Amino acid sequence: MDCFYAAVHMRDDPQLKGKPVVIGGRPEGRGVVAAASYESRTYGIRSAMPTSRALRLCPGLVVIAPDFSRYREESGKIFEIFREYTPIVQVVSIDEAYLDVGSHLGAWGSATAIALEIKRRILKERDLTVSIGVGPNRLVAKIASDFDKPDGLTVISPKRVQRFLDPLAVRSLPGVGPATADRLEKLSIKTIRQLRRVERAELVAVFGRHGVNLYRYSRGEDDREVRVHRQRKSLSSENTYPKDLESLEQMDRELDTLAAGVARGLKKRGLATRTISAKVRFSDFTTVTRAQTLENPTTDPAVISRVAMQLLRRTKAGELKVRLLGVGASKLTSEAAEQLALFRAET
């Protein structure tokens with residue numbers, strides 16, 4: 001979807017049309033931008049930017065508090081439209097999905113025709129725009145979907161894949177973040193064409209297993225299937241505080257609350273965690289994460305809280321002021337497996 005959060009508000013309030021809008025927290029509360037309308041992006045405003053900075057860049061900026069229940073409801077209606085064309089829909093986020101239509105072309109005859117119809121229906125029924133990429137695999141479709149936003153449709157046939165990819169920046173490839181891009185640039189590699197000319201062995205020597213993906217992706221190769229059910233790998237809760245936390249007692253109370261939220265999330269999903277992490281961001285924006293793996297999975301908020309507090313003490317918290325705290329759960333397993341493990345331990 002195009003600028004989904006902001007687009008929902010701008011659709012429902014005609015007075016916002018054409019104005020620079022961001023969805024996020026208030027600047028006085030150390031809020032950050034969760035989504036920025038295209039009008040606001042012309043001022044250099046981006047997601048994750050502090051709202052206070054966004055307002056300095058654009059004094060006339062309209063700041064709207066997030067309404068996630070509203071976005072979830074809208075997302076559900078949009079995904080209902082997707083599933084009318086194929087049952088193979090992989091949810092990536094609240095506003096993004098992969099659709100495998102290869103075996104469900106029906107009367108439409110082509111993926112392009114389905115994409116056009118989806119765009120038409122979302123505009124007509126939801127009064128929102130969507131950008132779609134059509135390609136022979138997930139890699140190409142994803143890159144194509146970002147190619148011509150907003151309201152774009154980019155179709156890449158198998159014969160056009162390499163010609164499409166070659167001139168793009170390596171940052172267009174999944175898994176190429178700032179650190180990987182910097183390392184590639186030091187090797188004088190800025191485009192996918194330049195990356196494609198590097199031998200596989202050389203990429204593996206520099207990037208390890210990730211080098212194999214870089215080699216394959218630069219050639220448009222991607223055999224990942226579109227999966228209807230994606231196994232959740234982690235769950236977390238964090239909070240940024242309007243005033244820095246100074247004492248460990250304060251931080252422990254906050255971790256207790258965050259741990260309870262994580263435990264509720266695990267229970268709701270029928271999951272348990274084996275690895276617990278604590279995230280700390282200090283007042284200078286330095287961020288550290290510590291983690292510990294348990295012998296048995298747990299959903300117990302007291303256990304999660306206790307471990308998080310222990311991990312906190314492996315940082316400089318208490319010596320330095322803390323701006324953000326987070327508690328995470330990973331190496332998730334089904335709650336049934338947790339109960340079985342506990343039963344065995346008792347016997």
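Any value given below was found using the heavy atoms of this structure, including those in side chains, with hydrogens, waters and symmetry copies removed. As the structure is a computational prediction, the values presented were derived from the model and not from experiment. The residues of the chain are indexed from 1 along the displayed sequence.
- When only modelled atom types and interatomic distance are considered, Thr289 and Ser277 share no side-chain donor-acceptor pair under 3.5 Å.
- Between Ser69 and Asp67, the side chains place a donor N or O and an acceptor N or O closer than 3.5 Å (distance only, hydrogens not considered).
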- Message: side-chain contact (heavy atoms from CB on, under 4.5 Å), that's the test. Do Leu61 and Ser40 meet it? Break it down for me.
- Response: CA-CA 7 Å; Leu61 188 67; Ser40 67; 3.8 Å; yes
- Task: Test side-chain hydrogen bond (donor to acceptor under 3.5 Å, both in side chains) on Thr298 and Asp300 and set out the steps.
- Result: CA-CA 6 Å; Thr298 187; Asp300 189 339; 5.2 Å; no
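- For the pair Lys190 and Leu184, the minimum side-chain heavy-atom distance is 4.5 Å or more.
- Salt-bridge annotation for Asp12 and Arg70: present, with a side-chain N of the basic residue lying under 4.0 Å from a carboxylate O of the acidic one.
- Between Lys149 and Asp2 there is a salt bridge, with a side-chain nitrogen of the basic residue lying less than 4.0 Å from a carboxylate oxygen of the acidic one.
- When hydrophobic clusters are built by joining Ile, Leu, Val, Met, Phe, Trp and Tyr residues whose side-chain heavy atoms come closer than 4.5 Å, directly or via intermediates, Leu187 is grouped together with Val198.
- Between Glu249 and Arg253 there is no salt bridge, since no side-chain nitrogen of the basic residue lies less than 4.0 Å from a carboxylate oxygen of the acidic one.
- Cluster annotation: Val8 is connected to Ile81 through the hydrophobic network of ILVMFWY side chains, with a link wherever side-chain heavy atoms come within less than 4.5 Å.
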- Test side-chain contact (heavy atoms from CB on, under 4.5 Å) applied to Leu266 and Ile304, step by step: CA-CA 11 Å; Leu266 291 169; Ile304 297 172; 4.1 Å; yes
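- Rounding to the nearest 0.5 Å places CZ of Arg274 at 11.5 Å from CD of Gln292.
- Using a cutoff of 4.0 Å between basic side-chain nitrogens and carboxylate oxygens, Asp146 and Lys142 are scored as salt-bridged.
- Two residues are said to be in side-chain contact when any heavy atoms from C-beta on lie closer than 4.5 Å; Arg313 and Leu248 meet this criterion.
- A salt bridge between Glu39 and Lys17 is absent, with no side-chain N of the basic residue lying under 4.0 Å from a carboxylate O of the acidic one.
- Lys279 has its side chain within reach of Thr287: a pair of non-hydrogen atoms, C-beta onward, lies under 4.5 Å apart.
- Formation of a donor-acceptor pair under 3.5 Å by the Glu254 side chain with backbone atoms of Gln250 is not found in this model.
- Rounding to the nearest 0.5 Å gives a distance of 4.0 Å between CZ of Arg224 and CG of Asp222.
- Atom CZ of Arg120 sits in a crowded spot, with more than 12 heavy atoms from other residues, nucleotides or ligands closer than 6.0 Å.
- A distance of 13.0 Å separates NE2 of His104 from CZ of Arg83, quoted to the nearest 0.5 Å.
- The pair Glu238-Arg281 fails the salt-bridge criterion, with no side-chain N (NZ, NE, NH1 or NH2) lying under 4.0 Å from an Asp/Glu carboxylate O.
- In this structure, the side chain of Thr51 engages the main chain of Gly25 through a donor-acceptor pair within 3.5 Å.
- Both Ile132 and Ile114 are part of a single hydrophobic cluster, where members link through side-chain heavy atoms under 4.5 Å apart.
- Within the model, atoms CD of Glu185 and CD of Gln194 stand 10.0 Å from one another, a figure rounded to the nearest 0.5 Å.
- Met309 has its side chain out of reach of Met251: every pair of non-hydrogen atoms, C-beta onward, lies at least 4.5 Å apart.
- A donor-acceptor pair shorter than 3.5 Å can be found between the side chains of Tyr85 and Arg121.
- Cluster annotation: Ile23 and Val62 are assigned to the same hydrophobic cluster (Ile/Leu/Val/Met/Phe/Trp/Tyr, side-chain heavy-atom contacts under 4.5 Å, transitive).
- The side-chain heavy atoms of Phe282 and Lys316, taken from C-beta on, include a pair separated by under 4.5 Å.
- Under the 3.5 Å distance criterion, the side-chain polar atoms of Thr86 are matched with a main-chain donor or acceptor of Asp100.
- The side-chain heavy atoms of Val280 and Leu320, taken from C-beta on, include no pair separated by under 4.5 Å.
- Crowding of Tyr241 atom OH: a count of heavy atoms from other residues, nucleotides or ligands under 6.0 Å exceeding 12.
- Within the 3.5 Å criterion, the main-chain N or O of Val206 finds a donor-acceptor partner in the side chain of Arg183.
- Of the possible polar contacts, one joining the Thr273 side chain to the Ser330 backbone as a donor-acceptor pair under 3.5 Å is found.
- Annotation: side chain of Leu195 is not in contact with side chain of Tyr217 (no heavy-atom distance under 4.5 Å).
- Within the structure, every pair that satisfies the ring-ring contact (aromatic ring centres under 6.0 Å, His included) test and touches residues 3-34, not counting sequence neighbours, is listed here: Tyr5-Phe68, Tyr5-Tyr71, His9-Tyr71.
- Note: the hydrophobic cluster containing Ile122 also contains Trp108 (ILVMFWY, side chain heavy atoms under 4.5 Å, direct or indirect links).
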- Query: After noting the C-alpha distance and the side-chain angles of Thr293 and Thr275, does the key distance pass the side-chain hydrogen bond (donor to acceptor under 3.5 Å, both in side chains) rule?
  - Reply: CA-CA 4 Å; Thr293 298; Thr275 298; 2.9 Å; yes
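- For Arg290 against Leu311, the heavy-atom pair with the smallest separation is O-CD1, 3.5 Å.
- No donor-acceptor pair closer than 3.5 Å links the side chain of Arg26 to the backbone N or O of Ala65.
- Residue-environment remark: CZ (Phe147) stays at or below the threshold of 12 foreign heavy atoms within 6.0 Å.
- A salt bridge is defined here as a Lys NZ or Arg NE, NH1 or NH2 lying under 4.0 Å from an Asp or Glu carboxylate O, and Lys119 with Asp151 meets this definition.
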- Report the C-alpha distance between Thr154 and Asp148 in whole Å, list the side-chain angles of each, state the deciding distance to 0.1 Å, and finish with yes or no for side-chain hydrogen bond (donor to acceptor under 3.5 Å, both in side chains). CA-CA 7 Å; Thr154 302; Asp148 187 27; 4.9 Å; no
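- Across every non-hydrogen atom of Ser305 and Asp256, the tightest pair is OG-OD1, 2.8 Å.
- When side chains are defined from C-beta on, Leu312 counts as touching Leu325, because their heavy atoms get closer than 4.5 Å.
- Across all their heavy atoms, Ala263 and Thr299 have their closest contact at CB-O, 3.4 Å.
- The two residues Ala144 and Val134 make their nearest non-hydrogen contact at CB-N, 4.4 Å.
- Counting all heavy atoms, side chain and backbone alike, Gly135 lies closest to Val140 at CA-CG1, 4.1 Å.
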Exercise answer: donor-acceptor pairs, residues 165-173 side-chain atoms, under 3.5 Å, sequence neighbours excluded:
residue	atom	partner	partner atom	Å
Asp166	OD1	Gln162	NE2	2.9
Asp166	OD1	Arg196	NE	3.0
Asp166	OD1	Arg196	NH2	3.3
Asp166	OD2	Arg196	NH2	2.5
Arg171	NE	Val176	O	3.3
Ser172	OG	Ala169	O	3.0

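- A donor-acceptor pair is defined here as one N or O able to donate and one able to accept, closer than 3.5 Å; such a pair exists between the side chain of Arg41 and the backbone of Ala36.
- A distance of 8.5 Å separates CD1 of Ile94 from CZ of Phe79, quoted to the nearest 0.5 Å.
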- Message: Let's go through Leu153 and Ser131 carefully: what are the C-alpha distance in whole Å and the side-chain angles of both, what is the deciding distance for side-chain contact (heavy atoms from CB on, under 4.5 Å) to 0.1 Å, and is it a yes or a no?
- Response: CA-CA 6 Å; Leu153 173 59; Ser131 292; over 6 Å; no
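- Side chain of Ser37 to main chain of Val21: a donor-acceptor pair is present (N/O by atom type, distance under 3.5 Å, no hydrogens or angles).
- When all heavy atoms are compared, the tightest approach of Asp244 to Ser283 is OD2-CB, 3.4 Å.
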- Message: Let's go through Val307 and Val327 carefully: what are the C-alpha distance in whole Å and the side-chain angles of both, what is the deciding distance for side-chain contact (heavy atoms from CB on, under 4.5 Å) to 0.1 Å, and is it a yes or a no?
- Response: CA-CA 10 Å; Val307 173; Val327 174; over 6 Å; no
